[in-house]
Amino acid sequence: MKYFGQSAFFISSIEYEDNWHIFARMTAAVLAGFIFALLMPIMRRVSLGRFAILNSLLPLSLFVWFASFLFSGLEGNLSSHLEWAFGASLSFKLDGLSLIFALLITGIGALVFAYSASYMKGNPYLDRFYAYLSMFMAAMLGVVLSANALTLFIFWELTSISSFFLIGFKNKDEASRKSALVALAVTGFGGLALLAAMLLMGAVTGTYSIEAMLLQPDVFASSPYTTLILVLIFIAAFTKSAQFPFHFWLPGAMKAPTPVSTYLHSATMVKAGIYLLFRFSPVFTDLALWSNTLMTVGCITMVFGAIHSLFRTDLKSILAYTTISALGTLTFLIGIGTREAIIAALVFVVVHALYKAAMFLIAGIIDHHTNTREVTLLGGLRNAMPLVAVAAFVAALSGAGIPITFGFIGKDLVYEATLHQGNMSLWLTIIALVTNILVGVAGFIAAIKPFAGRLPDALNGTKAPGPVLWFAPILLAILSLILGISPGLMDHTLLIPSLDALAINTDGVYLKMWHGINTVFWLSMVTIAGTVLIYLTAKPYKYLSGIPAKLNMLAPQTIALAMVGSFAQIATAWNKAFQSGHLRYYVLISIITILAIAAAVHLPGFHWHFDWSMIRSVAVYEWVLVVILIASVLFTVFTDSRLAAVASMGVIGYAICLIFVIYGAPDLAITQFTIDTLTVILFILVLYKLPKYLKLTRTRSKLRDGAISIVFGTLITAVVLDVLSLDRPVYISSFYADNAYLLAKGKNVVNVILVDFRGIDTFMEIVVLAVSAIGVFGLLKLKVKRHDV
Amino acid sequence: MSLNDYLFFVIMPILAAAVLLVFVRFFIGPTITDRVLSLDLLITTGMAIIAVYSILSDQSNFLDIAMIFALIAFLSSVAFSYYLKQRKKND
Amino acid sequence: MNENFIFVPLIIHLAAATIMLFAWGRIKFQRWFAILSNAAALIVASALFGMVWNQGIVTVQSGGWKPPFGITMVADTLAASLVLLTSIVGLAVSIFAAGTIIPQRVKYGFFPILQILFLGLCGAFLTGDLFSLYVWFEIIIISSFVLLTIGGEKMQLEGAVNYFTLNMLSSLIFLTAIAIIYGITGTLNMADVAMKLPLVEHPHLVEVTAIFFLAGFGTKAAIFPFYFWLPSSYHTPPDAVSAVFGGLLTKMGVYAIIRVFSLLYADNALISEIITIAAGCTILAGGAAALVQNNLRRLFSYLIICHIGFMIAGIGIGSVLAITGVIFYLFHDIIVKTNLFMVAGLTHRMTGTSSIRDLGGIYDKYPMLALLMAVPLFSLVGIPPLSGFWPKIGLISAGFTDHKWIISGLIILGSFFTLIAIAKLWAEVFWKPSKEIYARPNFTFWNKLGVKRKLLYLVPIGFLAALSLFIGLGAGVIEPVAERVALELSDTMIYVNAVFKTKQ
Amino acid sequence: MRTWFLLNIFLTLVWVALSGEFGPGNFFFGFLLGFCVILVLARKDESKKYALIIPKLISFMFFFIYHVIVANLIVAFDVITRHNYMTPGIVKVPLDAKSDIEITLLANFITLTPGTLSLDVSTDKKVLYIHSMYIKSEESFIKSIKNGFERRLLEIMR
Amino acid sequence: MNLLLPIVTGVLYAAGIYMLLRRSFVKLIIGFTLLGNGVNLLIFLMGRLAKGKPPLIPDYADVIPGLYADPVPQALILTAIVISFGLQSFAIILIKRVYAIANTDDLDEINTTDDYA
Amino acid sequence: MTDIIIIVFATLGSVFIFIAALGIVRMPDLYMRISVTTKAASLGVGLVLIGTAVYFSEIAVTTKVLAIVLFVFLTAPVGAHLIGRAAYYIGVPLWKNSVMDQLKDKYKDDENNELSSED
């Protein structure tokens with residue numbers, strides 16, 4: 001076993017300005033959600049029911065706290081540090097990138113917390129719901145704020161787990177349970193990949209501090225493990241952010257209550273993967289593998305998601321696939337990696353969060369009030385819920401990238417990024433264009449269709465939602481508009497700090513609504529026109545909805561499930577083969593293993609030499625003894641009578657006893673004889689209650705077993721012969737022999753060893769006998785039929 | 001010829017031959033009682049061997065073993081006959 | 001403190017067992033006395049741990065014979081902490097047993113035998129002599145046989161047949177190895193053997209003993225391909241017994257592997273390689289099988305195997321970081337696995353079944369208890385920052401540092417299997433709506449139990465859950481212990497010097 | 001009779017204590033001495049019987065050993081030579097012995113004698129079934145048993 | 001005997017293992033007995049052979065003069081024999097109980113614990 | 001002198017044992033084997049043991065030897081008797097040349113294995 005200096009391995013992470021107040025505040029911000037979750041069961045009475053909306057005070061206050069940094073700036077001070085274990089440390093750092101995400105998490109969190117109070121009203125498990133939600137929020141904050149790679153992983157896993165609990169929230173529904181499992185399987189798998197990636201990065205860079213890792217791009221550029229690290233990070237990010245081919249858990253996750261879908265599966269958690277890519281893009285962005293993979297996967301995902309969204313008629317499904325598409329876009333942009341692309345990605349994160357959250361919340365309202373999410377059944381709701389309709393309209397426009405919404409800015413930036421990509425810009429632009437059109441259409445279908453047109457009879461009498469419900473979408477719509485009109489608000493508050501955090505030149509970075517008439521403008525116009533045209537004319541939901549079923553064969557989830565299924569089959573078969581219930585096979589496997597390894601180790605070194613004197617010195621009676629011993633062993637093995645076998649065991653015992661006599665072990669002979677007789681007697685006393693030997697095994701297995709046992713016996717013989725050819729080590733035994741009388745006052749050395757030198761053994765041997773006796777007693781007397789009283 | 005030589009080259013071979021003969025009966029049976037009987041006789045012969053051996057090695061302690069043989073050897077015969085009766089009864 | 005203090009935990013267990021034997025048949029007395037004596041043992045074990053922590057390795061010679069002639073008892077940090085954990089488990093299980101073991105079983109000596117099992121475990125942890133280790137192992141085996149069969153239900157007996165056969169075989173192989181060691185070195189004291197083994201002329205003999213030791217201990221630890229007895233027997237005895245078995249018995253084997261292989265076969269690349277391969281197969285076999293189980297306790301049994309694989313893998317990697325991980329995992333595993341089987345007992349009490357298909361509805365019916373039960377379950381998975389997570393960092397990163405990619409990958413895969421298995425279990429057992437529960441004669445369901453009985457279930461589960469939370473959240477406290485163990489194990493001479501009391 | 005035996009033991013102890021030598025030889029000598037004392041002092045029938053039993057015992061032992069050796073030689077001869085003229089069989093021998101201990105001892109002595117083997121006693125303890133290698137006629141065999149072992153044994157026992 | 005006894009040991013191991021691989025529980029226990037004897041013999045051999053020299057200190061001496069058999073393996077075997085007797089007797093009773101309950105000693109029929117529910 | 005005594009005892013004893021061994025092989029039925037072996041072997045062992053006692057000529061050894069002889073003579077017939085009885089009970093046949101079998105059909109087939117004394 002080798003020694004690797006551990007302290008040398010963990011270079012203690014970069015020393016922060018350790019300020020207790022900062023540490024306390026940051027840690028409190030992250031841990032507040034956990035504590036809140038823990039308190040939930042206790043304060044169930046207080047915080048639920050009519051006061052449930054007050055739960056949103058927690059995210060709101062956090063939001064306010066984080067928002068305060070928008071104006072006070074982040075002068076590199078907000079970091080804190082506490083060693084935990086194995087290189088993980090509770091260290092948090094707030095930079096621009098974290099701030100964007102933190103604001104989304106707490107802001108949308110506050111809205112969702114409030115919205116849930118009304119949406120989930122009357123649910124008996126609302127306390128759990130809030131507990132999971134706040135746990136999730138805390139975990140997510142932890143992910144984006146962690147300055148330590150392992151800590152990041154810790155929180156990352158916690159988001160997966162809380163997502164598991166939230167998806168499975170309707171636990172009596174089997175589909176929910178299944179979706180939760182699938183989601184956990186996929187994201188958990190990714191999580192473990194992340195763990196591996198982080199540990200590997202730690203091994204390569206010698207630190208787990210993310211900041212310190214990011215300072216060593218040259219290490220990654222030269223390390224042979226970079227490819228592996230990248231693959232692992234990709235798996236982590238793609239599973240979490242639902243990239244093709246890991247996307248399939250996300251539509252399933254829509255089984256969760258709508259607030260959860262809004263919060264976790266569109267606005268925040270799925271962006272954890274994006275965050276991870278952002279976070280590590282500075283060191284990897286120059287690597288071809290990084291950009292190629294991200295661009296390819298991003299492209300596939302965004303087109304795939306966009307197309308699929310048109311095949312769906314369930315509101316949440318449509319939104320889920322557009323989310324996948326949007327996530328693909330983000331991945332794709334990070335893959336391009338130019339300054340424009342990163343800016344576009346950062347802005348698009350916010351854009352998407354705003355409009356998609358609004359759409360989800362609206363879908364929730366519709367579902368809640370009409371009891372259906374089927375787009376084909378919906379329509380004309382604008383009169384029943386006018387405010388919601390307005391919000392939906394704004395969200396749809398933003399999604400389609402129509403001017404004066406924030407979405408327009410986002411779309412523009414995307415085109416900027418694709419156009420400036422370089423050698424493939426034309427193709428990328430076309431792909432982006434198609435995607436944008438399709439996503440826009442899908443957004444229209446999801447957000448405008450339910451409110452437009454004629455009110456179906458079935459929906460007559462739909463009630464208007466209460467303010468708690470409509471407040472959140474309206475607020476999001478307003479935000480979308482505000483940012484759309486004056487995007488410059490983001491420049492110094494979020495964008496530039498984020499770019500700083502990503503080590504990107506910030507000179508001349510500013511957002512504006514109007515860029516003049518240029519290529520990007522035309523592209524936007526084409527997008528808008530295409531979107532509106534298709535929505536008004538094509539109505540894809542009418543005839544495309546049958547397609548997914550046909551394509552199911554090829555869908556990744558089908559393949560994945562088939563793989564899982566066949567794995568389960570293999571596992572079952574494997575398990576049945578090994579855990580067959582045949583004790584003799586267990587023994588056989590053990591024996592063969594020992595035999596194979598031991599023989600492989602021993603035989604090459606076997607050095608014993610035959611010598612005639614070994615035979616010549618054997619006395620007659622010794623020959624007789626040996627012959628009898630071997631003969632009776634064979635007799636025991638091959639006799640058909642149990643009783644004869646037992647009797648012949650007796651003979652073996654007596655013969656061994658005589659060997660002990662001849663070679664100077666009288667005590668041994670006595671004990672051997674006594675025990676042997678007792679065993680025989682015991683056997684006989686039990687035997688008459690048992691059936692006769694049956695011919696149970698076939699000759700073939702007998703031959704096989706025979707061969708194995710003979711080889712084993714030979715091995716033992718060889719080992720013994722080898723040992724006997726060594727000199728006798730006498731150190732201990734001569735001490736015993738010399739001191740047995742002088743020190744321990746005993747003439748029989750064996751007895752002295754037993755009762756004095758090794759007294760504990762002897763004592764414990766008696767304990768064994770005693771326990772055995774108790775056991776036998778219990779075995780004979782106690783017969784419990786069914787447990788419990 | 002000394003006593004030891006005599007014991008070693010005459011008595012021991014006779015006893016060994018006896019043991020072999022008894023073992024032949026043990027081997028061929030044919031009934032279980034034959035085997036039990038030969039087991040009994042084997043032990044008795046063993047006692048004789050031990051006695052001779054104690055002279056050969058000048059160790060009177062070996063006689064303790066013979067004592068134990070004498071004391072408990074017949075127990076297995078008792079058990080066997082008990083068994084045979086019981087089995088008959090149970091059939 | 002005097003070095004003879006090492007004996008005190010053993011004496012307490014032995015005395016308690018003896019006293020309870022004399023109180024044969026007095027059920028109430030035995031129940032309370034078992035709890036009391038285990039509490040006392042816990043106090044003593046803590047004191048012993050404190051002593052070792054402050055003074056370094058403590059050794060004592062039984063009968064005052066200087067080593068290597070007498071039997072040496074060695075309390076290094078590993079042994080002391082395992083004795084401490086044994087006592088913790090002992091206390092928890094004796095409380096649990098007081099509430100769950102039916103009077104008939106108590107009448108036939110359940111508690112004394114349980115106490116002797118603990119005695120055997122402590123003895124095996126503390127002994128510094130190979131043959132003595134064998135004897136302690138036999139005590140463990142015989143008392144576990146008795147615990148396994150006490151009551152004589154059909155399943156119990158059938159499980160016991162498998163358990164007996166493979167464990168007995170392993171004992172004999174272990175004994176063979178000890179004999180060969182004696183044959184080539186002429187000594188049995190582990191420290192002495194450690195010094196003499198490198199001088200043996202024929203290294204292949206040494207390696208053969210290593211293989212035999214591995215097979216012997218491997219069977220006890222349930223590594224591939226020696227684990228078959230475990231899944232076929234661990235789900236058969238009463239829950240309290242399964243809890244001790246699941247928590248401590250296999251870990252005994254792991255301990256023995258750690259002790260013997262770090263001491264006697266340090267720096268043997270071949271052996272490390274074999275151990276690593278075995279570990280990989282163990283993880284795969286246990287993890288894959290766990291995914292397709294339908295019985296709660298059998299599922300846990302396979303998870304035990306899978307996680308034994310983790311520890312063995314760490315031993316195979318062998319760096320200090322890896323061993324730190326192994327030790328940490330050992331601590332975590334003992335607490336959590338014990339708790340798991342107690343949780344299984346609790347679910348059985350709630351629903352009257354252990355079949356995953358029939359289980360369900362616990363989440364709805366007993367939300368707070370579900371939360372309590374979630375702690376060991378998710379600790380087991382290693383959801384960070386719960387206890388199962390930390391050692392994996394050590395193990396995997398040690399694998400990476402040593403470029404043992406495959407085994408690190410397998411550890412990750414094993415974690416994934418565990419995650420899925422437990423998530424599935426959670427969905428099935430806790431989320432799934434409960435089925436019709438039939439009233440059974442002689443079976444009292446949870447909601448009909450009195451407060452006292454309920455407490456006897458909940459106190460130990462809560463106690464161990466709190467501990468595993470502490471191990472997880474307070475990993476910073478546990479890690480130095482594990483690391484110190486790893487450092488002590490990394491240099492054979494530390495142990496040898498401690499035994500021979502030579503100056504370093 | 002038991003009292004006399006105890007007295008004998010007591011006398012032995014007294015002798016040993018007085019002489020102060022604790023070897024087995026001295027015990028034996030003390031026992032003999034005590035026996036002689038009893039023999040001399042014995043007046044009543046009861047005590048006479050005790051006094052006479054020892055010689056009878058000794059004579060029985062000699063009889064027995066003689067029998068054993070002779071029979072052994074016969075059997076040895078038969079073993080070595082061919083055994084066509086052997087006439088084995090199982091004979092029912094009516095018993096005079098009544099108590100269990102008498103029957104047990106008798107059966108054992110019969111078994112110890114080569115050539116004969118007591119197989120079983122009837123449940124009502126009236127007959128003993130004996131296997132013998134040499135049965136000339138049923139009557140003579142029964143007579144030899146009854147006049148040989150049984151008579152001498154019963155003399156001692158009663 | 002330095003050659004013969006190792007062979008006998010090997011034969012005992014082989015026979016024991018062969019018996020362990022049978023289907024009958026009784027044979028299994030017999031296998032353990034044989035294996036146990038083999039192990040005892042092996043331990044005994046590990047102390048090397050010394051004919052007729054038991055490790056007994058004569059009355060007239062304080063130490064054993066001359067050669068003597070190694071006492072340590074003897075002590076170990078004594079412990080091991082007794083321990084394995086304890087275990088074996090337990091196992092033998094176990095056979096009885098298993099047979100009483102399962103009505104067979106065929107190990108292939110005593111395997112319900114490995115069945116899948 | 002003692003040597004010669006020992007040699008005589010040992011030789012006689014071993015010859016008796018050998019005869020017993022020969023007998024167990026050669027005798028035609030079990031009952032005769034029992035008859036032959038038990039006594040011859042007991043006698044043989046007794047003689048050899050006495051030889052041993054002569055050799056050591058210590059009181060302790062002599063006592064031990066006497067005890068052993070006593071035990072042998074006590075236990076051997078019991079064992080022989082039990083084996084013989086069991087053999088007859090389970091139906092081990094007599095030699096074909098046996099002259100009579102008065103035990104035949106005397107066991108009553110009931111729970112107590114009653115053995116009748118009637119003809």
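Numbered from 1 within each chain, the chains take letters A, B, ... in sequence-line order.
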What are the two closest heavy atoms between [X] and [Y], and how far apart are they?
X       : Y        : result
E/Arg48 : A/Leu726 : NH2-O, 3.4 Å
E/Ala69 : A/Arg728 : C-NH2, 4.1 Å
E/Arg97 : A/Leu780 : CD-CA, 4.4 Å
E/Pro54 : A/Pro666 : CB-CD, 3.5 Å
E/Lys51 : A/Tyr621 : CE-OH, 3.6 Å
E/Leu45 : A/Leu724 : O-CD2, 3.2 Å

By a 4.5 Å heavy-atom criterion (distance strictly below it), what part of [X] contacts chain E: side chain, backbone, both, or neither?
X        : answer
A/Ser725 : neither
A/Val637 : both
A/Thr636 : both
A/Ile591 : side chain
A/Thr679 : both

>> Parallel, tilted or perpendicular: which one describes the rings of A/Phe638 and E/Tyr18, with boundaries at 30° and 60°?
In response: tilted
> Within the side chain of A/Gln672, is there an N or O that forms a donor-acceptor pair under 3.5 Å with the backbone of E/Ile81?
Replying inline: no
> Under 3.5 Å, side chain of A/Ser733 to main-chain N/O of E/Pro71, donor-acceptor pair present?
Replying inline: no
> When heavy-atom pairs shorter than 4.5 Å are enumerated against chain A, which of E/Leu78, E/Leu42, E/Leu28 gives the highest number?
Replying inline: E/Leu78
>> Below 4.5 Å, heavy-atom pairs only: which of E/Asp70, E/Leu56, E/Ile29 has the largest tally toward chain A?
In response: E/Asp70
>> By the definition side-chain contact (heavy atoms from CB on, under 4.5 Å), identify the one residue from E/Val8, E/Val11, E/Ile7 that meets it with A/Val626.
In response: E/Val8
